[in-house]
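Note sheet for the following structure.
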Amino acid sequence: MDMMKLVESLSEMPFNIYRLSVYDYGKVDTYSFQPCSNCCDSYSVVKAFVMTAAGILYDQGVLKLHLPIRHMLKDLFPSDYDPAWDLVTAEHIMTHRVGFEESFLDIDVENASEYTDNDYLSIILRKPLKYLPGSTYVYSDAAYYLLSRLISRLAGQNVDQFLREKLLTPMGFREVAWSCCPMGYPIGATGLYITTEDMLKLGILYLNNGVYLGKRYVSEEWVRLVISREYEFHAMTASGLIGKGGMFGQLVAFSPADQFAVSCHAYETGDTSRLVSCLDRFLKDRRSQQ
């Protein structure tokens, strides 16, 4: 199944796709399905970028995955915090096992102007934890705002500035914009506006074990940790596609077995799994023809 057949299949599918970028055995192609802004919101795909910032700090020896974050954010904790927070680590944050009872701090579905405090970190750290940290998966944007603030503390600069210097500018990203809290910190869980071609670069980076265009940005050890412990990147199909999805059908994914990576911007309010299913069929059909 060649690439144009994939594009035709996507065009015929009842899926509101804007733009698709594909990396296939070293070649990048981008397909536009309808007019859209040059930069689009990647929604939760941004979590994979923030997680990568954590990886850079991990490789530098600055971020310790199993050290309680209380040691790094001590002065920012309220005096009456739940003692269970003493157990929360960076790995708990990146695997959504902080101990939250429910999802919260999702500015895509909540009205942030109604929050009672402009200090979003204070909102999070005042939350009592329902579950023992590390024990229970509860997906929440609050976790990645927390990771954004942790990275900012360890890097000495906000995560958007850190990523711009360490990853985005060296990798040739074009326009980039971030949604921030009232205190100026990137939300980290949503609100990264980038081109589809640039979003693809993150998939290529992980496909190539931390290397992009001959330059290493994260270690092979970090890539192994990300995949084995599912730091945002998850197995999406039986064909071996690994990736991260976002609200309304955003996607960045890669298949090591096929030397294939893909990114997509869309606005689909229906079944967003149809895009992944179409990619899965494409990879399976192509293998059967080889």
Side-chain angles (χ1 to χ4, degrees), residues 42-73 81-106 108 120-121 123-125 127-155 159 163 186-190 192 202-203 205-206 209-210 218-237 240-247 250-254:
S42 59
Y43 291 93
S44 282
V45 170
V46 69
K47 293 182 176 73
F49 282 89
V50 175
M51 170 271 292
T52 301
I56 295 171
L57 291 174
Y58 172 83
D59 289 337
Q60 293 175 349
V62 175
L63 175 67
K64 308 297 183 183
L65 295 176
H66 304 293
L67 179 70
I69 64 168
R70 175 100 166 92
H71 291 267
M72 297 168 273
L73 298 175
Y81 74 94
D82 182 346
W85 276 101
D86 287 337
L87 302 176
V88 176
T89 68
E91 175 155 294
H92 295 153
I93 295 171
M94 289 189 289
T95 56
H96 294 277
R97 288 177 168 81
V98 174
F100 296 137
E101 181 176 11
E102 59 188 1
S103 176
F104 67 103
L105 213 71
D106 183 350
D108 294 320
Y120 290 6
L121 185 61
I123 292 174
I124 295 170
L125 297 179
K127 282 275 188 181
L129 299 181
K130 170 74 172 180
Y131 304 105
L132 180 70
S135 69
T136 305
Y137 179 89
V138 177
Y139 188 89
S140 177
D141 281 7
Y144 266 73
Y145 179 77
L146 181 57
L147 185 61
S148 168
R149 294 295 300 270
L150 178 62
I151 291 168
S152 297
R153 169 58 63 93
L154 295 177
V159 67
L163 276 174
I187 296 298
T190 188
L192 172 60
L202 191 70
L205 179 70
Y206 280 90
N209 292 311
V218 290
S219 66
E220 289 189 46
E221 177 188 1
W222 178 253
V223 175
R224 286 195 297 270
L225 284 171
V226 167
I227 295 173
S228 64
R229 299 183 184 180
E230 294 191 300
Y231 296 163
E232 290 310 312
F233 281 128
H234 306 275
M236 305 186 85
T237 69
L241 196 65
I242 300 167
K244 173 63 180 175
M247 194 174 186
Q250 321 315 311
L251 176 72
V252 61
F254 57 96

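Note that the numbering runs from 1 along the sequence shown for the chain. Just so it is clear, the model here is predicted, and its values are computed rather than measured.
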- request: Rounded to the nearest 0.5 Å, what's the gap from CG on Leu150 to CE on Met94? Could you check?
  value: 9.0 Å

query: Between Ala84 and Pro133, which heavy-atom pair has the shortest distance, and what is it?
result: O-CG, 3.5 Å

- prompt: Could you state the interatomic distance from CD1 (Ile187) to CG (Asp106), rounded to the nearest 0.5 Å?
  reply: 10.0 Å

statement: Taking every heavy atom of Gly188 against every heavy atom of Tyr144, the minimum-distance pair comes out as O-CB, 3.8 Å

- request: Apply the side-chain contact (heavy atoms from CB on, under 4.5 Å) test between Leu147 and each candidate in Ile69, Leu63, Ile93; give the one that qualifies.
  value: Ile93

message: Rounded to the nearest 0.5 Å, what separates atom CD1 in Ile227 from atom OH in Tyr206?
response: 9.0 Å

Test item: side-chain donor near acceptor, Tyr139 and Ser44, under 3.5 Å: yes

message: I need the minimum non-hydrogen distance between Gln250 and Val45, along with the two atoms involved.
response: CB-CG2, 4.0 Å

field: Minimum heavy-atom distance between Ala143 and Phe100, given as atom pair plus value
entry: N-CE1, 4.0 Å

query: Donor-acceptor pair, Arg229 side chain versus Thr95 backbone, under 3.5 Å?
result: no

task: Answer yes or no: is there a donor N or O on one side and an acceptor on the other, between the side chain of Thr89 and the main chain of His92, under 3.5 Å?
output: yes

- prompt: Between Lys47 (side chain) and Ala189 (backbone), is there a donor-acceptor pair under 3.5 Å?
  reply: yes

query: What distance do Glu230 atom CD and Ile242 atom CD1 have between them, rounded to the nearest 0.5 Å?
result: 9.5 Å

task: Mind checking the CG-NE2 spacing from Asp86 to His71? Nearest 0.5 Å is all I need.
output: 7.5 Å

query: Would you say the side-chain atoms of His234 pair up with the backbone N or O of Glu232, donor to acceptor, closer than 3.5 Å?
result: yes

message: Please report the interatomic distance CG(Leu225) to CE(Met51), rounded to the nearest 0.5 Å.
response: 10.5 Å

query: How are the rings of Trp222 and Tyr58 set relative to one another: parallel (under 30°), tilted (30 to 60°) or perpendicular (over 60°)?
result: tilted

Expected output: side-chain Trp85 to main-chain Leu129 donor-acceptor under 3.5 Å: no

- request: Provide the closest heavy-atom pair for Asn209 versus Glu220 in the form atom of the first, atom of the second, distance.
  value: O-CG, 3.7 Å

